[in-house]
Asker: 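Here it is: the structure, laid out below.
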Amino acid sequence: MRPVGPVRPVSARRTVRLGVRAAAAAAAAGLLTAGLAAPAFAQEQSDQLWIQAPSEQKLLLGDGASQGSPLDIGLYHDNDNFAVTDGRLSVDISGVAGVADVTWPDNCAPTGTTAVCTVPEVPVIGDAYSPQVHLTVRAADGAALGAQGRITYAAVATGGPDGTLEAPHDSFDTMVTVGSGPDLSLGEIAPVKGLRPGAVRTVPFAVTNKGSERSEGLTATFTASYGLGFLNKYTECTYGTTGGDYAPMNQATCSFDQVIEPGDSFTLPAPMRVALAAHAYGERLDISVEPGNGATDLADEDNYTIAGFTAVNTADFAAQGARVTGGAGETVTAELGFRNNGPAWIGNLGSGDPVAAVDFTVPEGATVVSAPADCVPRTLSGGYYPQRTGAPRYSCELPYWTLPDTTRSFPFQLRIDRVVPDATGRVMLTTGGSGAASFPFDPQPANNTTQLVLNATPGA
């Protein structure tokens with residue numbers, strides 16, 4: 001699932017940022033559905049190989065250049081219905097001759113200015129994804145300030161519906177530029193699992209200037225998911241909440257005026273402490289920094305990190321059916337839906353995927369004459385159905401998050417062609433496939449399936 005034309009996905013280290021609406025988040029990760037233009041059955045039978053690479057890489061000119069800069073590249077594919085193996089990433093560095101030198105990792109076999117790098121198992125994009133090829137790039141001896149060159153990529157792999165996948169040609173490259181300036185860097189933060197709601201954690205935060213020039217202060221942004229709250233506040237920060245089309249979250253935007261010399265680090269005036277709410281489940285704190293005084297960071301790929309916190313909690317997802325009565329020829333409305341009974345909220349913050357879908361099979365003797373816009377028509381077996389009305393089955397996607405004690409309704413209008421006493425249609429929760437879903441956080445899976453009953457007989 002992907003917008004028209006190749007789109008360079010976000011870095012794995014920059015897993016979809018909080019505040020990106022579900023569709024945009026999924027598009028950035030290469031996961032955007034195409035509704036009727038790409039029906040669920042077609043999606044299940046198609047796949048595409050992609051290359052994840054930064055669009056640009058800035059190299060330090062000066063005393064710090066000898067260490068080099070990491071350049072991480074990865075392969076992934078769209079459809080987890082297929083196993084994809086034997087990925088081969090071709091890297092061409094002929095375009096950076098005289099600009100940069102490249103050190104190859106063990107999984108790359110170089111020949112002249114090209115190399116083929118192996119990726120035995122090619123994953124789908126998601127929270128567990130990470131790049132598989134790690135190059136080191138440094139400014140070449142004699143390279144001038146501002147010198148530029150381009151590294152290009154191609155890839156193939158084994159798998160998919162036809163047995164072989166190939167990344168789009170001439171679509172992925174990295175522009176390498178030799179420069180000078182501040183380079184702020186945030187370290188990785190290890191995720192913490194097994195926490196209880198109400199737990200308090202201290203977030204490690206340190207920014208190092210790896211560049212060749214001082215940073216005249218910095219701006220830091222902290223975005224906390226719905227189940228995570230700031231316990232202490234800083235006078236240098238402004239605080240607010242966001243929501244609307246996005247999952248609700250808390251945000252702090254901070255401006256610090258401390259000068260950070262090359263090689264020096266900055267820490268907060270006091271350690272940041274966060275607390276997990278009673279409704280916490282899979283939480284994250286997104287942190288980003290940028291140099292102050294309008295300066296441009298030399299290499300902003302390490303200006304962003306995520307602190308992850310997983311709470312031991314449950315969310316009882318439930319399908320909602322209906323009982324409707326009508327005579328032959330009449331049109332009736334059936335309100336079907338979904339409810340999160342809590343206590344936890346659930347958000348697919350990494351992928352932007354819907355938390356669930358409501359799958360509805362039309363009862364015997366009835367025809368759908370109007371379906372909600374979020375519902376995709378299907379054949380009885382779950383395949384593509386060409387028209388909005390009259391399908392025997394529908395799948396209705398939910399947003400990428402759901403709060404506790406919230407309901408989502410899908411009103412269907414059905415014409416009763418003939419009265420069939422106790423006609424039933426299944427209403428079940430799925431994750432977009434043809435079968436019932438199994439949610440790891442759901443303590444009562446039995447209520448994930450219910451029924452729409454037309455013309456129930458007394459006592460039924």
Asker: So do L231 and V274 actually touch side chain to side chain, heavy atoms under 4.5 Å?
Answerer: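 They are not in side-chain contact.
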
Asker: Mind checking the NE2-CD1 spacing from H134 to I73? Nearest 0.5 Å is all I need.
Answerer: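 H134 NE2 to I73 CD1: 9.0 Å, rounded to 0.5 Å.
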
Asker: Counting only N and O atoms by type, is there a donor-acceptor contact under 3.5 Å from the side chain of E397 to the main-chain atoms of A357?
Answerer: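 No: the side chain of E397 does not pair with the backbone of A357.
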
Asker: Quick one: are D405 and R339 in side-chain contact, heavy atoms under 4.5 Å?
Answerer: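 Side-chain contact under 4.5 Å: yes.
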
Asker: Does the side chain to side chain contact (heavy atoms under 4.5 Å, CB included) test come out yes or no for Q413 and V332, once each step is laid out?
Answerer: CA-CA 6 Å; Q413 290 187 349; V332 296; over 6 Å; no

Asker: What I'd like to find out is whether the side chain of V203 reaches to under 4.5 Å of the side chain of F230, using heavy atoms alone.
Answerer: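 V203 vs F230: side chains apart.
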
Asker: Does the side chain of T223 pick up a donor-acceptor pair with the side chain of Q251 at under 3.5 Å?
Answerer: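 Result is yes, a qualifying pair exists.
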
Asker: Which pair of heavy atoms, one from R273 and one from V200, lies closest together, and at what distance?
Answerer: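 Taking R273 first and V200 second, the nearest heavy atoms are NH2-CG1, 3.5 Å.
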
Asker: Within the structure provided, determine whether L184 and I260 are in side-chain contact (heavy-atom separation under 4.5 Å).
Answerer: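 They are in side-chain contact.
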
Asker: If we check side-chain contact (heavy atoms from CB on, under 4.5 Å) with Y394, which of these qualifies: D359, V368, T361, V376?
Answerer: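 It is V368, the one option of D359, V368, T361, V376 that forms the side-chain contact (heavy atoms from CB on, under 4.5 Å) with Y394.
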
Asker: Under the side chain to side chain contact (heavy atoms under 4.5 Å, CB included) rule, what do L135 and W104 come out as? Steps first, then yes or no, please.
Answerer: CA-CA 5 Å; L135 311 182; W104 302 101; 3.6 Å; yes

Asker: Is Y281 reaching over with its side chain to a backbone N or O of P343, donor-acceptor style, under 3.5 angstrom?
Answerer: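 Not a single qualifying donor-acceptor pair exists.
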
Asker: Check Y226, W401, F441 against H279 for a ring pair (Phe, Tyr, Trp, His ring centres under 6.0 Å) and give me the one that passes.
Answerer: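 Result: among Y226, W401, F441, Y226 is the only option passing the ring pair (Phe, Tyr, Trp, His ring centres under 6.0 Å) with H279.
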
Asker: Run the side chain to side chain contact (heavy atoms under 4.5 Å, CB included) check on T208 and D183 step by step: do they pass?
Answerer: CA-CA 8 Å; T208 301; D183 176 17; over 6 Å; no

Asker: Indicate yes or no for a side-chain donor-acceptor contact from E330 to the backbone of G327 under 3.5 Å, with no hydrogens or angles considered.
Answerer: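 Here the side-chain-to-backbone pair exists.
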
Asker: Please check this pair: side chain of R418 against backbone of G329, looking for a donor-acceptor N/O pair closer than 3.5 Å.
Answerer: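 No, because the side chain of R418 does not come within donor-acceptor range (under 3.5 Å) of the backbone of G329.
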
Asker: Looking only at atom types and distance, does a side-chain atom of N313 sit under 3.5 Å from a main-chain N or O of A278, one as donor and one as acceptor?
Answerer: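 Confirmed, N313 side chain pairs with A278 backbone.
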
Asker: Indicate yes or no: at least one non-hydrogen side-chain atom of F205 is less than 4.5 angstrom from one of P271.
Answerer: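 No; the side chains remain at least 4.5 Å from each other.
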
Asker: On a heavy-atom basis, which atom in R88 and which in V116 lie closest, and how many Å separate them?
Answerer: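 So the minimum-distance heavy-atom pair works out to CB-CG1, 4.1 Å.
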
Asker: So, taking the atom named CD1 in I189 and the one named CG in L186, what distance separates them when rounded to the nearest 0.5 Å?
Answerer: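 Here the rounded value is 7.5 Å.
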
Asker: When you compare the side chains of R284 and S225, does any donor N or O come within less than 3.5 Å of an acceptor on the partner?
Answerer: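 Looking only at side-chain atoms, S225 and R284 do not form any donor-acceptor pair under 3.5 Å.
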
Asker: I need the minimum non-hydrogen distance between W345 and G227, along with the two atoms involved.
Answerer: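 Result for this residue pair: NE1-N, 3.7 Å.
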
Asker: How far does NZ of K58 sit from CD of E301, to the nearest 0.5 angstrom?
Answerer: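 One finds 10.0 Å between NZ of K58 and CD of E301.
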
Asker: Is a donor on one side and an acceptor on the other found under 3.5 Å between the side chain of D297 and the backbone of E290?
Answerer: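 A pair under 3.5 Å: no.
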
Asker: If you look at every heavy atom in Y129 and Q52, which pair is closest and at what distance?
Answerer: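 Heavy atoms only, the tightest pair is OH-OE1, 3.1 Å.
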
Asker: What I want to check is whether the side chains of D78 and W50 have a donor and an acceptor closer together than 3.5 Å.
Answerer: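 Short answer, yes.
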
Asker: Passes side chain to side chain contact (heavy atoms under 4.5 Å, CB included), L452 versus V324? Steps please.
Answerer: CA-CA 8 Å; L452 165 64; V324 180; 4.0 Å; yes

Asker: If you round to the nearest 0.5 Å, how far is OG of S409 from CD of E335?
Answerer: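 If we round to the nearest 0.5 Å, E335:CD and S409:OG are 5.0 Å apart.
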
Asker: Measure from the side-chain N and O atoms of N448 to the backbone N and O of L429, and report whether any donor-acceptor pair falls under 3.5 Å.
Answerer: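 Judged by distance alone, no pair lies under 3.5 Å.
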
Asker: Backbone N or O of E166 within a donor-acceptor pair of the Q48 side chain at under 3.5 Å?
Answerer: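 Yes; at least one donor-acceptor contact below 3.5 Å.
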
Asker: Tell me whether S351 contacts the main-chain N or O of D353 through its side chain, where contact means a donor paired with an acceptor under 3.5 Å.
Answerer: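 Present.
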
Asker: What are the two closest non-hydrogen atoms of C108 and V133, and how far apart are they?
Answerer: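 Looking at all heavy atoms of both residues, the closest pair is SG-CG1, 3.7 Å.
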
Asker: Look at the side chain of N107 and the backbone N and O of T118, then say whether any donor-acceptor pair between them is shorter than 3.5 Å.
Answerer: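 Yes, the answer is positive, given that a donor and an acceptor are paired below the 3.5 Å cut-off.
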
Asker: Quick one: which of L268, D286, N250, L228 gives a side-chain contact (heavy atoms from CB on, under 4.5 Å) with F222?
Answerer: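 Option passing the side-chain contact (heavy atoms from CB on, under 4.5 Å) with F222: L268.
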
Asker: Would you check, one step at a time, whether the test side-chain hydrogen bond (donor to acceptor under 3.5 Å, both in side chains) holds for S288 with N303?
Answerer: CA-CA 6 Å; S288 63; N303 288 26; over 6 Å; no

Asker: Could you grab the distance from atom CG of N341 to atom OG1 of T314, nearest 0.5 Å is fine?
Answerer: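 Between N341 CG and T314 OG1, I get 10.0 Å after rounding to 0.5 Å.
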
Asker: Is the shortest heavy-atom distance from the side chain of Q320 to the side chain of R408 under 4.5 Å?
Answerer: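 They are not in side-chain contact.
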
Asker: Is there a side-chain contact between N209 and F266 (heavy atoms, below 4.5 Å)?
Answerer: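 No, every pair of side-chain atoms sits at 4.5 Å or beyond.
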
Asker: Could you check whether D316 and N340, counting side-chain N and O atoms only, form a donor-acceptor pair closer than 3.5 Å?
Answerer: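 No donor-acceptor contact under 3.5 Å links the two side chains.
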
Asker: If every non-hydrogen atom of N348 is compared with every non-hydrogen atom of V355, which pair is closest and at what distance?
Answerer: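 Where N348 meets V355 most closely, the heavy atoms are ND2-CA, 3.6 Å.
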
Asker: Rounded at 0.5 Å granularity, tell me how far CD in E364 sits from CG in D422.
Answerer: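 So the CD of E364 and the CG of D422 are separated by 11.5 Å.
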
Asker: Do T431 and F439 make a side-chain contact, defined as non-hydrogen atoms from C-beta onward lying under 4.5 Å apart?
Answerer: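 Yes; the side chains approach each other to less than 4.5 Å.
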
Asker: Does any donor atom in the side chain of Q57 or T174 lie under 3.5 Å from an acceptor atom in the other side chain?
Answerer: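 There is no such pair between these side chains.
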
